[in-house]
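Just so you know, these numbers come straight off a predicted model, no measurement behind them.
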Amino acid sequence: MADKNEKVLHDGWDEYQNRRIYKPRGKIGILRSAGFGSYSFLGPAVGLICYNYISYFYTYFCGLTPLEVAVLLIIGRVLASGVALWIGHFSDSLYRFRFGRKYGRRHFFILMTVPFLCYAMLIPIAGLNFWYYFITYSILLAFFNTIHLPWMTLPSEMTDSYKIRTLMGTIRTVVAAILNTLAAFVVGQVLNQWPKNDPKIYLYLQISLSIVGIIFTLITYFTTWEHFVTRHEAQLMEAQRHLGNNISASIWTNFKESWHEFGEIFRIKTFRKHLFIDGADQMAGNLNGLILTYFVVNVLGLNASVTAYLSSLSTFMGIFIMMLAGYLLNKFAPRYMYGIAYGMALIACVGFGLLGFLKPAHMMWLLIIQMFSIFGGQLYGFIPGTVFPSLPVMDTLLTGQNRAGLFASLTGAFEQGGFVVTNLLGEGILQLSGFQSGTSGAVDQSLTVQLTLTLMISVGVGIFFFVALYNGLTFKADRKKLDIISMEVKRLQAGGKKADATEDVKRITKELTGQSYDSITAWNK
């Protein structure tokens, strides 16, 4: 009898449900949300050097042309798109494997961030050949923009409350802003004091940022939890997937089913709007980030360290902007916030264009324009990520499944595809304009290059913001409607009948998903 009980206890499945990563540990308040948000330092830990300055570093210290840099960026983004589509589905499915049940579907990837941050130290090394940079940077991009996707689903795993998820999103962005402000300010100070033509400082800074990033990653790992998929839940999910027993057939079925599932969630009207909003503003932000350092150095004639100071100012002001935005997002529909965010961003685009043509002698004008960019940028960087965790519940209503990882994957794929387009446009146009590379620091560029930089940071960026603005103003989801959907899902999960649904639920289902409530078959008894 003892042997039998021992086998049940150590069955490789439910024995893991009491592990720390599956156990809620009290109320989700400011401190718990701050622990969740600590992982946001992955952005500055890798992005400050290996993203914000990488085009500048490669062209002015490694001798690469803008077209060669474009190849690095594009291949990396293509890989990232593939990884993004895979990583969410794999994260959702990790419960099938013993190590996934033991280390978590989401926390496994948080833990994998530690070796990734060590890998980032290989990037800002000058004096090597194109193929070294091609291989190392392509791999970095593939994971830098996707490894965080499972982490994004934690709010929906830790709570089903829109209000608490909004709190977590608000605190996350505030923590990210504080950490990014400090990191960007320190980087700016160091670059300003260090000889501007010495590339070794970029490596020293990356080593320091990676070490700090590992510390904050572990804070998130030990302060959050996720939902444990029991054997019974797994059996129900497997039954819904209708997988065959033949291994080869299952692999092919999984492949086809993954694309079918992506198609299903893409057909959800509100989520489709979210994809276009997030994708367009990411493309605008990426093109701005790609051009900004060149614009500051080659058009305005300022030191490259100004970019870090602008980033520091942006994130510092963002602390207060996002605290207010988090409150307002619980009171007003996201579309109103989108209108303000993209309106301010478009004003900044006009301002950058004027700066490029007038070239004022005082830096004050750059700071004034940057204020508009900051206000809009902090909002559009905050709203989609805060709204996102509440969107998968619409899919649960339509299908009865929990596919938050797939939502994160498709969002990530859209972002990476957008980055490919903007990197190709930005670097390609820069190359065609006659941009000159170097190996010992910034090179004086022609008037044609300066004009190109000015048009890209104003008109080019502005086009993408117009796309985001249109979709943002027509985004219909808000707290009240999503809470109604959540309550309806709970009612159905508890055994409620579809026939008892209210007219309000049916109307909101049609408005948000684009599908009729009566056409849903997942809850048919």
Side-chain angles (χ1 to χ4, degrees), residues 13-14 16-18 21-24 28 88-89 91-96 100-101 104-106 150 152-166 168 225-243 257 260-261 264-265 267-271 387-408 477-525:
W13 201 291
D14 290 346
Y16 295 120
Q17 65 183 323
N18 291 321
I21 56 173
Y22 298 120
K23 298 178 67 174
I28 301 176
H89 187 274
S91 175
D92 283 345
S93 303
L94 266 180
Y95 69 86
R96 299 178 182 177
R101 298 189 290 271
R105 294 173 299 153
R106 319 306 184 191
M152 290 172 58
T153 67
L154 284 181
S156 61
E157 300 240 340
M158 294 173 66
T159 177
D160 57 6
S161 168
Y162 180 95
K163 183 176 181 180
I164 295 177
R165 287 194 296 256
T166 301
M168 292 180 71
W225 62 84
E226 62 182 86
H227 173 70
F228 178 77
V229 178
T230 65
R231 185 187 291 274
H232 177 66
E233 289 175 334
Q235 289 171 345
L236 293 176
M237 292 168 71
E238 293 298 325
Q240 289 174 333
R241 288 187 174 91
H242 303 293
L243 294 179
E257 185 175 329
H260 176 69
E261 289 177 333
E264 284 183 334
I265 63 177
R267 285 194 293 272
I268 298 174
K269 180 180 178 180
T270 299
F271 183 64
V387 172
F388 168 78
S390 297
L391 301 183
V393 70
M394 293 183 292
D395 178 58
T396 303
L397 175 64
L398 296 176
T399 67
Q401 299 185 57
N402 182 351
R403 301 188 290 191
L406 280 176
F407 275 74
D478 58 28
R479 175 184 176 180
K480 181 180 178 181
K481 293 174 183 176
L482 289 171
D483 278 346
I484 288 174
I485 295 294
S486 294
M487 288 187 289
E488 177 64 9
V489 168
K490 285 184 178 180
R491 186 185 72 82
L492 293 171
Q493 288 175 332
K497 296 181 180 179
K498 275 184 58 185
D500 296 332
T502 66
E503 290 301 317
D504 202 28
V505 166
K506 293 181 179 180
R507 176 183 60 80
I508 292 173
T509 299
K510 179 66 175 179
E511 182 181 30
L512 296 189
T513 69
Q515 300 180 42
S516 168
Y517 182 91
D518 294 331
S519 68
I520 299 173
T521 60
W523 308 99
N524 292 342
K525 300 298 184 182

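Side-chain contact check for Gln515 versus Ile520: every heavy-atom pair is 4.5 Å or farther apart. With contacts defined as side-chain heavy-atom distances shorter than 4.5 Å, the pair Glu488/Thr509 does not qualify.
Nearest heavy atoms, Thr270 versus Leu512: OG1-O, 2.6 Å. A pairwise comparison of heavy atoms in Leu154 and Trp225 identifies CD2-O, 3.5 Å as the closest pair. Summarising the geometry of Met168 relative to Met158, their closest heavy-atom pair is CE-SD, 3.8 Å, with the distance given to 0.1 Å. Nearest heavy-atom pair across Ser516 and Ser519 is O-OG, 2.6 Å. In plain terms, the two heavy atoms of Arg101 and Tyr95 that are nearest each other are NH1-O, 2.9 Å. Taking both residues in full, the closest heavy atoms of Phe271 and Leu391 are given as CD1-CD1, 4.0 Å, listed atom of the first, atom of the second, then distance.
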For this session: Show your reasoning for whether side-chain contact (heavy atoms from CB on, under 4.5 Å) applies to Leu397 and Tyr517.
Result: CA-CA 9 Å; Leu397 175 64; Tyr517 182 91; 4.3 Å; yes

For this session: Applying side-chain contact (heavy atoms from CB on, under 4.5 Å), run through Tyr22 and Glu226 and close with a yes or a no.
Result: CA-CA 5 Å; Tyr22 298 120; Glu226 62 182 86; 3.8 Å; yes

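No donor-acceptor distance shorter than 3.5 angstrom exists from the side chain of Arg491 to the backbone of Ser486, with no hydrogens or angles considered.
Note that the CZ atom of Arg105 and the CD1 atom of Ile21 stand 10.0 Å from one another [nearest 0.5 Å]. With values rounded to the nearest 0.5 angstrom, His227 atom NE2 is found 13.5 Å from Thr159 atom OG1. Atom CD1 of residue Ile164 and atom CD1 of residue Ile28 lie 5.5 Å apart, to the nearest 0.5 angstrom.
Results of the side-chain contact (heavy atoms from CB on, under 4.5 Å) test with Met394 over Thr399, Ile268, Val489 single out Ile268 as the only residue that passes.
With respect to the salt-bridge test (charged N to carboxylate O, under 4.0 angstrom), the residues Lys480 and Asp483 do not qualify.
By the side chain to side chain donor-acceptor pair (under 3.5 Å) test, Glu511 pairs with Lys481, sequence neighbours left out.
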